[in-house]
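Lettering follows sequence order; numbering is per chain, from 1. All values below were derived from every heavy atom in this structure, side-chain atoms included, with hydrogens, water molecules and symmetry-related copies excluded.
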2 protein chains.
Amino acid sequence: MSNREANYIKKLRNSGLRPTKQRIKICEALFDRDKTFHFSISDLMKIIKNLHNEKISLATVYNTIHAFQKKGYLKEINLGNENSFYDTNTSLHHHFYDEQTKELIDINSEEVELKKIPTPPSGKKIEDIEVTFKISKNI
Amino acid sequence: MSNREANYIKKLRNSGLRPTKQRIKICEALFDRDKTFHFSISDLMKIIKNLHNEKISLATVYNTIHAFQKKGYLKEINLGNENSFYDTNTSLHHHFYDEQTKELIDINSEEVELKKIPTPPSGKKIEDIEVTFKISKNI
DNA sequence: GACATAGTTTATAATAGTTCTAAACTATAG
DNA sequence: CTATAGTTTAGAACTATTATAAACTATGTC
């Protein structure tokens, strides 16, 4: 068993998730990466298919992604496509988004600073700030 | 014919859209308002149903909203619900969003100022900046 | 290791939002 | 008034997602 695999097993157990072989494979597909990773469920299905000859059922992929999201290992991002996207970068951060190419690029939170912040409606507090910079080809 | 109706007819014609009675009714439902308006297609269907006894088919509502969006009279907003939302405020602006209550509140662009803006990837330029302040009940 | 059990996976059905299709209808120009 | 291109419509088709319920499996206990 690889070091990484053992680590996933430990993390899954610590989160109250049983380390099944499907979950470990999904961990490998998602987190064995240098950069943070953006994906849709259908992206992930394809990646799993290519990575292992064995397949994981669609329902399991949905279940697992939702479980990982609930445990805070994934963040859902909303770009207005018809389908949901997920981000392995769960820290506070921002995005460049190219609507043409559907490219999504992470921006570290230090790269963006707000000078003026509006006062929230009474009885509410600001929980999170997300800035999306819509970009396009520079002709 | 009301003043407003005549105005909608003119605007539709100027945009290259034939002023059909369905489109005029949809204009009334959307734009006869003081405040900017946020809605989903199903919201709009209900509103039309209540406003007039006559119904407009779902396909027409979709067609019309898409046409209005293409002409720049509506802006799509992405909140990560399963369905699309639209905003009659097409100017550059930002939002408060309460995920619990699904409340969405417009923020004028003057209320938000950015001190530091990241440099876009080479060959790309920033087209638009959207800031979402996620809010929640202040306990 | 065998067993019970609670958690998990799976194929499939069901649902929801949206888009497509093709026929009927209508605004508009000539 | 007529021709035509644009529009509306019901319903089918499609896509993403969630629900269902039966088979399977990780885990703790003996």
Chemist: Answer with yes or no whether the side chains of A:Asp43 and A:Ser40 bring together a donor and an acceptor at under 3.5 Å.
Modeler: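 Side-chain D/A pair, A:Ser40 to A:Asp43: present.
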
Chemist: Got B:His93 and B:Thr36 here, is their nearest side-chain heavy-atom distance under 4.5 Å?
Modeler: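 Not touching, per the 4.5 Å side-chain cut-off.
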
Chemist: In whole angstrom, what separates B:Lys55's NZ from D:dT8's C1'?
Modeler: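 Answer to the nearest Å: 11 Å.
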
Chemist: Let me know, please, whether A:Ser57 or B:Ile41 comes out on the 5' side of the other along DNA chain C by nearest nucleotide.
Modeler: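 It is A:Ser57 whose nearest nucleotide is closer to the 5' end.
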
Chemist: Which residue pairs pass the salt bridge (Lys or Arg N to Asp or Glu O under 4.0 Å) test when at least one of the two sits in residues 102-112 of chain B, sequence neighbours left out?
Modeler: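 Pairs touching residues 102-112 of chain B that pass the test: A:Lys124-B:Glu103.
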
Chemist: Tell me, please, the opening and closing nucleotides of DNA chain C, 5' to 3', among those with an atom under 4.0 angstrom from a non-hydrogen atom of chain B.
Modeler: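 First and last nucleotides in contact are C:dG17 to C:dT28.
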
Chemist: Hydrophobic clusters join Ile, Leu, Val, Met, Phe, Trp and Tyr when side-chain heavy atoms are under 4.5 Å apart, directly or via other members; which others share one with B:Ile117?
Modeler: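 Members other than B:Ile117 - counting any ILVMFWY side chain reachable under 4.5 Å - are A:Phe96, A:Ile105, A:Ile107, A:Val112, A:Leu114, A:Ile117, A:Ile126, A:Ile129, A:Val131, A:Phe133, A:Ile135, B:Phe96, B:Ile105, B:Ile107, B:Val112, B:Leu114, B:Ile126, B:Ile129, B:Val131, B:Phe133, B:Ile135.
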
Chemist: So B:Ser84, base contact, sugar-phosphate only, or nothing? Heavy-atom distance under 4.0 Å.
Modeler: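 Sugar-phosphate only.
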
Chemist: Does any non-hydrogen side-chain atom of A:Asp32 lie less than 4.5 Å from one of A:Tyr8?
Modeler: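 Yes. Closest side-chain heavy atoms under 4.5 Å.
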
Chemist: Ignoring hydrogens, what is the shortest heavy-atom contact between B:Glu99 and B:Lys134? Give both atom names and the distance.
Modeler: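 Minimum heavy-atom contact is OE2-NZ, 3.7 Å.
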
Chemist: Using nucleotides 27-30 of chain D, report all nitrogen or oxygen pairs with the protein that are shorter than 3.5 Å.
Modeler:
unit_1, atom_1, unit_2, atom_2, d
D:dT27, OP1, A:Arg13, NE, 2.8
D:dT27, OP1, A:Arg13, NH2, 3.1
D:dT27, OP2, A:Arg13, NH2, 3.0

Chemist: In whole angstrom, give the distance that lies between atom CD1 of B:Ile48 and atom P of D:dT8.
Modeler: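 Value for this atom pair: 11 Å.
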
Chemist: Any side-chain heavy atom of A:Arg18 within less than 4.5 Å of one from A:Arg23?
Modeler: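 When only atoms from C-beta onward are counted, A:Arg23 and A:Arg18 do touch, with a gap below 4.5 Å.
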
Chemist: Under a 4.5 Å cut-off applied to non-hydrogen side-chain atoms, are B:Leu44 and B:Tyr86 in contact?
Modeler: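 They are not in contact (no side-chain heavy atoms under 4.5 Å apart), so the answer is no.
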
Chemist: Passes side chain to side chain donor-acceptor pair (under 3.5 Å), B:Gln22 versus B:Thr60? Steps please.
Modeler: CA-CA 8 Å; B:Gln22 291 88 341; B:Thr60 300; 5.7 Å; no

Chemist: I'd like to know if A:Glu28 pairs up with A:Arg4 as an ion pair, taking the criterion as any Lys NZ or Arg NE/NH1/NH2 lying under 4.0 Å from an Asp or Glu carboxylate oxygen.
Modeler: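 No, no charged N to carboxylate O under 4.0 Å.
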
Chemist: Does D:dT25 have its OP1 or OP2 closer than 4.0 Å to a side-chain nitrogen or oxygen of A:Gln22?
Modeler: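 No, no such contact exists.
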
Chemist: Hey, can you tell me if A:Phe31 and A:Tyr73 have their rings parallel, tilted or perpendicular (30° and 60° cut-offs)?
Modeler: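 If you compare the ring of A:Phe31 with that of A:Tyr73, the planes turn out perpendicular.
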
Chemist: Which string of ( ) [ ] | and . matches DNA chain D, if you list each base 5' to 3' and count Watson-Crick or G-U pairs only when both distances are under 3.5 Å?
Modeler: ||||||||||||||||||||||||||||||

Chemist: Is any side-chain heavy atom of A:Leu12 less than 4.5 Å from a side-chain heavy atom of A:Ile24?
Modeler: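 They are in contact (side-chain heavy atoms under 4.5 Å apart), so the answer is yes.
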
Chemist: Do A:Phe37 and A:Ile77 sit in one hydrophobic cluster, given that two such residues count as connected whenever their side-chain heavy atoms are within less than 4.5 Å of each other, even indirectly?
Modeler: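 No, A:Phe37 does not connect to A:Ile77 through the hydrophobic network.
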
Chemist: Do any of residues 58-70 of chain A sit with a heavy atom less than 4.0 Å from DNA chain C, and if so which?
Modeler: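 Contacts with DNA chain C under 4.0 Å: A:Ala59, A:Thr60, A:Asn63.
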
